[in-house]
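Report on the following structure.
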Amino acid sequence: MAEPDQVQAIEKYDVQATEKKWQDHWDSAGTYQVENDDPRPPFYVLCMYPYPSGPAHQGHVRNYTFGDLIVRHRTMRGHAVLTPMGFDSFGLPAENAAIKSGSHPRPFTDARIEELKASIRRLGSMYDWRREIHSHDPEFMRWNQYIFLRFLEAGLAYRATAPVNWCPGCHTVLANEQVLADGTCERSGDIVEKRDLEQWFFKITDYADELLADLDGLDWPERVKTMQRNWIGRSEGAEFELRVSGGADNVDSQGADTSISVFTTRPDTSFGMTFVVLAPEHPLVPSLVTDQTRTDVDAFIERVRKETEIERQSTEGAIEKRGIFTGSYAINPFNDQPVPIYLADYVLMTYGTGAIMAVPGEDQRDWDFAKAYDLPIVRTVQPPADFDGEAFTGDGPAINSEWLDGLHMAEAKAKAIDWIEAQAIGVRKVNYRLRDWLLSRQRYWGCPIPVIYCATDGIVGVPDDELPVLLPDDVEFRPTGESPLNFHEGFRNTTCPKCGQPALRETDTMDTFVDSSWYFLRFCDPRDGQEPVNHDAARHWMPVDQYIGGIEHAILHLMYARFYTKAMGDLGLSPKEIREPFKRLFTQGMIRMGGTKMSKSKGNLVAPAQYFDTVGADALRLFHLFVGPPADDMDWSEQTDEVIEGCGRFLQRLWRLAVPESEVPRAGDAAVVGELERATHRLVDRVSGEYERWSYNTAVAAVMEFTNLLYKQGATEEAIDTMLLLMAPMAPHVTAELWERRRGGHIHEEAWPVADPELARLQSVTMVVQVNGKVRDRIEVDPGIDEAEAERLALASDKVAEQLAGADPTKVIARPPRLVNIVA
RNA sequence: GCCCGGAUGGUGGAACCGGUAGACACGGAGGCCUCAAAAGCCUCUGCUCGAAAGGGCGUGAGGGUUCAAGUCCCUCUCCGGGCACCA
């Protein structure tokens, strides 16, 4: 019960009401809406658009807290900040849910989007919602298909046979993610087979070199760039032909006139080739098998074909079982010696030529194979004297190599390639690990691939004026997961746009990574009805100045988006000069719980809603900023709730300090006021720097420290106001409310404070005095003192005299104003 | 196997350029306020010896460079991630 004649109690901070008030205000005032002709310098901040799986989880909260902080900070620094948001709304989970519940993926997806949007709003994270895009918007689908057709015309999209994951139980192709680690289907449990099927591909390999080279200019985490470099996997070497021998011991071979093409990165070691190995699927195999070997070879090939990808990729199996002799020989062109031709499951048809020259002296796999099959080993690089390994892969002078002898690796490679080219048996060659992007999916809930198959005209693109090809709604989802488009006669049957005869529509849909490969370009002018990307708008905003998302997208999404940006530029679909989509990338760490990633499928989500309803969005945001470096993984532990509550307590403490009727003592003493002014300017310096280098955890620590200082020695209005400005991007609601009460107006429309360097300078610093590297005294000194003065002050210390015990120092290292070390 | 990260109090973390190790917070202990509690405020809190003053030890392990090492170099252990027969 309040005592009426007591001093009026400070109004308590009403978290829920205040957060709602400001979220409504920012929305209705359009604080974070921005026009394309805004005169302020442009800055594009983008969080990876999310897959709508329901209300936000902590990973979203973390992502959008960082993103929103940058948006608000940059705005206060005078930029026109583009901050769009959308939803990656196609994909399997919605379709699987539809199969389960009998509903349609669209209403299901739309409901999940509304849930996610509501929690993003509740976080107080601000976007220009006028620019919202969903992957399944008909307009977005239209331009998605339009781009596909331009890629098709340019030969960047093509159809080819590829081995895919086929589930015999479900009668459908599975995405790699649907195949479990043991090689079975996630739904039916059947063993997934590799089947050769006609699929759509994007020719990303055309851009391999540019994708590799342009990584150097990106301000991205080094480890993401490394992952992309490894994924592209550029290897330089040579490709050359080996004649198949028709020698006397090879009379029944039919391959006497054929030759085998091999790729090698070590042409310098060619004199050491003692056998050749082909992939079991190699097309030349039938012509190399002899009557004596046929039975065994066929059995071997049959066994390999039945192996799952997992078994085949395993290094566990005994090497003796992994290969077989064909019965034929090839001629090593370097020394004209015949070498036996083997098949082995570890040679992949999908890389290089599907055939290798084996050099056991300089390749460990070849060494192991040679040992197992009793094949000769010839060293062609001299290992160092102390080398006691098997194959030697390092550099050294060539030996046993005739005209290459004595040359080191680089020279020998060049000379060997020159020789190969002079002999007209091969060429210098670059190979990539990167494969073309298989984009077709035999599923319903994706963007239809806009082509028609005509008996007369073949593959025909859907005319632009008939776009978008939409998904029919009157479909029945089968429990097997087979796409209902296959059974929808109205969708499937159409007429050829060229000849008008009956034709069949493509029923495959696009990989959802296609949608996310250009959405950031569309955001620049998302309602443009003339073209997928408005060039002027893209020139104004692109590239994205700060892209933020999870490390799990380090390779696929970020590689595909880079490819799309380059390809669209080259085809005139977006400005050609925009070669890279994301200038700066930040990858936040994962949130783990009990050692594993926090995720819906693991069932270990801690919903943000419970914190919104108690401590509020500001406290949860502050927690995510404070808990540790943004790039690091964080563990959600039993202690986490207490830390979040601590952040809430800190905001209440801030409220009591800053709310106008506050009873906190004001600094009265002139010296204290002066010192506070300087401390304030130092805080501005410190926090501004920490914002720049993503050190948000220490930025929060700095304002906590400053609050403690204001409680201890009294506050000034200027100190409080400045701290509120610095905190406005971190805890937007409470700072907005306090600012309005203290000053009127809107804190997020204020300019970012700038420190006066003169005032920010320290007046005195603690100089450490060491004797033999151990701290013995601390002296307050002027920051401007010179070496001589520092040394004089240090030597005058009683503690030092005590340590020296009358002896003369042998050396004095003075690093004013911080440290003097006296060496006795 | 190869390529990246990482290891600091009871806990999350700080220390940006080689110069006071442990900022800030959580937890814990004690105190004030209160009839009491909650909330709030204040003090202490790396380990260790000591009543104290003060000393010793201390950043995964071992070596090295340096006046000085959490930070640089070498070797190793453990943990996390990526690629995994790429010729």
Side-chain angles (χ1 to χ4, degrees), chain A residues 12 221-231 233-235 237 262-266 269 277 279 312-315 317 319 322 344-348 350-359 362-366 368-369 431-435 551-552 554-555 589-590 592 595 622-623 626-629 631-635 637-647 649-650 652-653 656 686 689-690 692-693 695 697-708 711-712 765-775 777-778 809-815 818-824:
Chain A
K12 206 175 171 310
E222 210 45 55
R223 79 172 161 144
V224 175
K225 293 205 269 186
T226 303
M227 281 160 74
Q228 294 221 344
R229 283 188 193 106
N230 293 341
W231 187 262
R234 186 180 200 273
S235 305
V262 294
F263 171 72
T264 180
T265 56
R266 294 293 304 275
T269 65
V277 190
R312 183 155 172 188
Q313 304 270 309
S314 154
T315 49
I319 192 154
R322 306 192 63 192
D345 65 353
Y346 70 81
V347 174
L348 309 173
T350 48
Y351 184 78
T353 62
I356 61 164
M357 68 169 202
V359 186
E362 281 84 35
D363 184 290
Q364 188 61 41
R365 277 163 309 162
D366 294 347
D368 294 340
F369 196 87
N431 261 320
Y432 300 92
R433 213 194 71 100
L434 182 71
R435 293 296 134 72
I551 185 73
E552 64 272 19
I555 296 174
M590 284 189 321
R592 286 181 315 226
L622 205 67
F623 161 78
F626 183 57
V627 69
D632 287 7
D633 287 350
M634 66 148 296
D635 282 297
S637 70
E638 304 80 50
Q639 212 181 48
T640 298
D641 275 357
E642 285 162 346
V643 180
I644 295 172
E645 274 157 32
C647 289
R649 276 202 299 275
F650 166 69
Q652 296 287 350
R653 193 166 147 87
R656 291 192 300 271
R686 179 176 163 187
E690 285 165 334
E692 283 306 314
R693 58 186 177 92
S695 189
N697 51 333
T698 56
V700 175
V703 296
M704 285 176 168
E705 214 176 322
F706 194 69
T707 303
N708 290 342
Y711 266 90
K712 215 163 277 175
V765 297
T766 306
M767 184 174 80
V768 168
V769 182
Q770 297 180 331
V771 177
N772 292 327
K774 283 187 191 295
V775 180
D777 202 1
R778 293 181 174 86
T810 52
K811 198 172 172 186
V812 177
I813 292 115
R815 291 283 178 276
R818 289 249 110 101
L819 176 133
V820 173
N821 189 10
I822 298 159
V823 186

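Naming convention: chains lettered A, B, ... in sequence-line order (proteins, then strands); numbering from 1 in each chain.
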Could you let me know what [N] is paired to, Watson-Crick or G-U wobble, both distances under 3.5 Å, or none if it's on its own?
| N | answer |
| --- | --- |
| B/A68 | none |
| B/C26 | B/G10 |
| B/C2 | B/G82 |
| B/G40 | B/C32 |
| B/C47 | B/G56 |
| B/A87 | none |

Measuring from the side chain of [X] (C-beta onward, heavy atoms only), which nucleotide among [options] has the closest atom?
| X | options | answer |
| --- | --- | --- |
| A/W231 | B/C83, B/A87, B/G19 | B/C83 |
| A/Y351 | B/C3, B/A87, B/C67 | B/A87 |
| A/S235 | B/G19, B/A87, B/C67 | B/A87 |
| A/Y711 | B/C42, B/A84, B/G19 | B/C42 |
| A/N821 | B/A68, B/C42, B/A87 | B/A68 |
| A/P629 | B/G19, B/A14, B/A84 | B/A14 |
| A/K811 | B/U20, B/C67, B/C41 | B/C67 |

> How does protein reach along nucleotides 23-30 of chain B, written 5' to 3' as B (base within reach of a heavy atom under 4.0 Å), S (only sugar-phosphate), or - (no contact)?
Replying inline: BBSBS---
> Which glycosidic conformation, syn or anti, is assigned to B/G63 if syn requires a torsion within 90° of zero?
Replying inline: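 Anti for B/G63; the angle lies over 90° from 0.
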> Mind telling me whether B/C72 is syn or anti, cutoff 90° either side of 0?
Replying inline: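 Chi for B/C72 falls in the anti range.
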>> A quick test of your reading: do over 12 heavy atoms of other residues, nucleotides or ligands sit less than 6.0 Å from CZ of A/R223?
In response: no
Base, sugar-phosphate, or nothing for [X], non-hydrogen atoms under 4.0 angstrom?
| X | result |
| --- | --- |
| A/R223 | sugar-phosphate |
| A/K774 | sugar-phosphate |
| A/Q364 | nothing |

>> What is the distance, to the nearest angstrom, from the CZ atom on A/R815 to the C1' atom on B/C17?
In response: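 The answer, rounded to whole Å, is 12 Å.
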>> Distance check needed: B/A84 C1' versus A/L348 CG, whole Å only.
In response: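 About 11 Å, once rounded to whole Å.
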> Under 3.5 Å, is there a donor-acceptor pair between the side chain of A/N821 and the main chain of A/I813?
Replying inline: no
> Hey, does the side chain of A/R365 come within less than 4.0 Å of B/C86's phosphate (OP1/OP2), counting only N and O?
Replying inline: yes
>> Can you tell me if A/R433 touches the phosphate of B/A87, counting only side-chain N or O atoms and a distance under 4.0 Å to OP1 or OP2?
In response: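 False: A/R433 side-chain N/O out of range (4.0 Å or more) of B/A87 OP1/OP2.
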